[in-house]
Amino acid sequence: MNEKLYKFLGRAGGAGIALGVIEIVVGILLGTLTIIGGAKLLKSKMSLTF
């Protein structure tokens with residue numbers, strides 16, 4: 001019984017680390033895309049004339 005629990009906890013820990021790394025990568029990617037989008041909007045705002 002203890003061996004099954006040990007293996008399960010090992011897999012759960014590995015899965016947790018993998019998900020954490022994926023979340024960090026996705027967060028950085030979305031943050032970068034948001035900054036680029038905002039910069040493009042500010043740049044296009046400068047060329048507007050009323």
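- In this structure, N2 CG and L9 CG are separated by 10.5 Å, a value rounded to the nearest 0.5 Å.
- Between the CG atom of L5 and the CD atom of E3 there is a distance of 11.0 Å, given to the nearest 0.5 Å.
- Of the options I22, V26, V21, I28, a side chain to side chain contact (heavy atoms under 4.5 Å, CB included) to I24 is made by I28 and by none of the others.
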